[in-house]
Amino acid sequence: MSVLGDFKDSLIFEIQKEFWNERGKGARYRLTLIGTEFIKKYVKDPTDKKEIVEFLKKEGFCSDIEISEDEFTINLKVTDCAFIQVRDAFMDKQATFVNVVIDQQPLSCPIANALMRAEELVSGLGPELLPIERDGNKCIVGLGKMGTADVIK
């Protein structure tokens with residue numbers, strides 16, 4: 001990885017870590033739109049999950065995204081994510097590019113955020129990022145579909 005790429009990953013990690021230090025788990029509810037405005041500039045329809053996936057793959061954010069969905073969740077398998085070092089820095093307890101010992105989940109994922117935002121625009125449901133699991137070069141990401149007060153009624 002280039003020095004610039006390492007710097008980008010380090011910044012993303014450090015910003016999320018500091019937000020965690022200030023807000024704890026509540027920080028993840030403040031980061032759900034991170035990256036969505038950027039991606040919206042490049043897709044014709046920000047509600048079209050297929051278009052978003054194709055854009056992300058074409059531009060090198062990842063090599064593949066598999067999506068499965070049921071009534072309560074959207075499940076993503078993201079292969080070769082550009083943010084994988086950030087994920088690993090959170091999950092490995094010892095960051096490779098920052099001398100910080102940490103044991104927590106990433107608080108945000110720009111790829112998941114773009115797909116959560118698409119779901120929210122279509123259904124009115126506010127999805128929530130569930131814990132991210134890893135399987136080698138894949139991130140297993142769950143998005144819980146959350147109801148609004150109108151849905152609960």
Side-chain angles (χ1 to χ4, degrees), residues 1-20 22-23 25-91 97 104-153:
M1 171 175 283
S2 71
V3 172
L4 185 57
D6 195 31
F7 180 65
K8 168 200 61 109
D9 290 346
S10 179
L11 284 178
I12 293 169
F13 172 83
E14 289 178 32
I15 290 166
Q16 285 191 40
K17 184 181 103 21
E18 289 306 317
F19 204 44
W20 167 268
E22 182 179 321
R23 298 279 183 170
K25 287 186 180 180
R28 71 184 313 128
Y29 304 107
R30 300 283 186 242
L31 300 175
T32 59
L33 295 177
I34 300 298
T36 61
E37 286 299 311
F38 177 84
I39 292 169
K40 187 171 87 172
K41 292 189 308 189
Y42 293 95
V43 296
K44 290 180 182 144
D45 182 359
T47 67
D48 185 342
K49 292 178 197 157
K50 288 181 183 178
E51 182 185 358
I52 293 168
V53 167
E54 289 308 311
F55 165 77
L56 293 169
K57 289 168 43 177
K58 178 182 171 221
E59 297 301 328
F61 285 77
C62 59
S63 64
D64 193 29
I65 300 176
E66 297 172 39
I67 299 178
S68 61
E69 191 169 347
D70 62 32
E71 184 179 359
F72 300 107
T73 59
I74 300 170
N75 298 297
L76 311 173
K77 285 186 183 177
V78 181
T79 305
D80 299 322
C81 176
F83 307 103
I84 202 161
Q85 283 193 287
V86 176
R87 177 205 71 182
D88 288 347
F90 276 100
M91 298 175 93
F97 48 81
Q104 72 183 54
Q105 287 285 317
L107 299 176
S108 181
C109 169
I111 291 172
N113 287 354
L115 295 165
M116 282 192 292
R117 182 67 177 148
E119 176 66 24
E120 184 175 21
L121 292 171
V122 170
S123 70
L125 300 176
E128 176 183 329
L129 180 67
L130 301 174
I132 297 172
E133 297 176 29
R134 70 175 153 191
D135 181 12
N137 68 336
K138 290 185 181 180
C139 292
I140 312 299
V141 183
L143 309 174
K145 296 179 183 177
M146 304 300 293
T148 63
D150 294 334
V151 173
I152 295 170
K153 292 177 187 174

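Atoms considered below: every heavy atom in the structure, side chains included; atoms not considered: hydrogens, waters and symmetry mates. We're numbering straight along the sequence, starting at 1.
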Can you name the closest pair of heavy atoms from [X] and [Y] and give their distance?
| X | Y | value |
| --- | --- | --- |
| Met116 | Leu129 | SD-N, 3.7 Å |
| Arg87 | Asp135 | NH1-N, 4.4 Å |
| Cys62 | Cys81 | CB-CA, 4.1 Å |
| Ile34 | Ser108 | CB-OG, 4.1 Å |
| Ala112 | Leu143 | CB-CD2, 3.9 Å |
| Ile39 | Pro110 | CD1-O, 4.2 Å |

Residues forming a ring pair (Phe, Tyr, Trp, His ring centres under 6.0 Å) with Phe61, sequence neighbours excluded: Phe55
Within the 4.5 Å heavy-atom criterion, are Asp6 and Val3 side-chain neighbours or not? no
Can you confirm whether Asp88 sits close enough to Arg134 that some side-chain heavy atom of one is under 4.5 Å from a side-chain heavy atom of the other? yes
Counterpart residues, side-chain hydrogen bond (donor to acceptor under 3.5 Å, both in side chains), relative to Thr79 (two or more places apart): none
What residues, two or more places apart in sequence or in another chain, satisfy side-chain hydrogen bond (donor to acceptor under 3.5 Å, both in side chains) together with Lys49? Glu69, Glu119
Pairing residues for Lys40 by the salt bridge (charged side-chain N to carboxylate O under 4.0 Å, His left out) criterion, not counting sequence neighbours: Glu37
As an exercise, state the distance from [atom1] of [X] to [atom2] of [Y], rounded to the nearest 0.5 Å.
| X | Y | atom1 | atom2 | result |
| --- | --- | --- | --- | --- |
| Ile74 | Ser68 | CD1 | OG | 9.5 Å |
| Leu115 | Ile111 | CG | CD1 | 8.5 Å |
| Ser63 | Leu56 | OG | CG | 11.5 Å |
| Ile52 | Ile65 | CD1 | CD1 | 9.0 Å |
| Lys50 | Asp45 | NZ | CG | 12.5 Å |
| Glu128 | Thr32 | CD | OG1 | 10.0 Å |

Set of side chain to side chain contact (heavy atoms under 4.5 Å, CB included) partners for Lys77, sequence neighbours left out: Glu66, Ile140
Going by side chain to side chain contact (heavy atoms under 4.5 Å, CB included), name the residues that satisfy it together with Leu33, two or more places apart in sequence or in a different chain. Thr36, Arg117
Is the backbone N or O of Lys44 less than 3.5 Å from a side-chain atom of Glu51, with the two atoms forming a donor-acceptor pair by type? yes
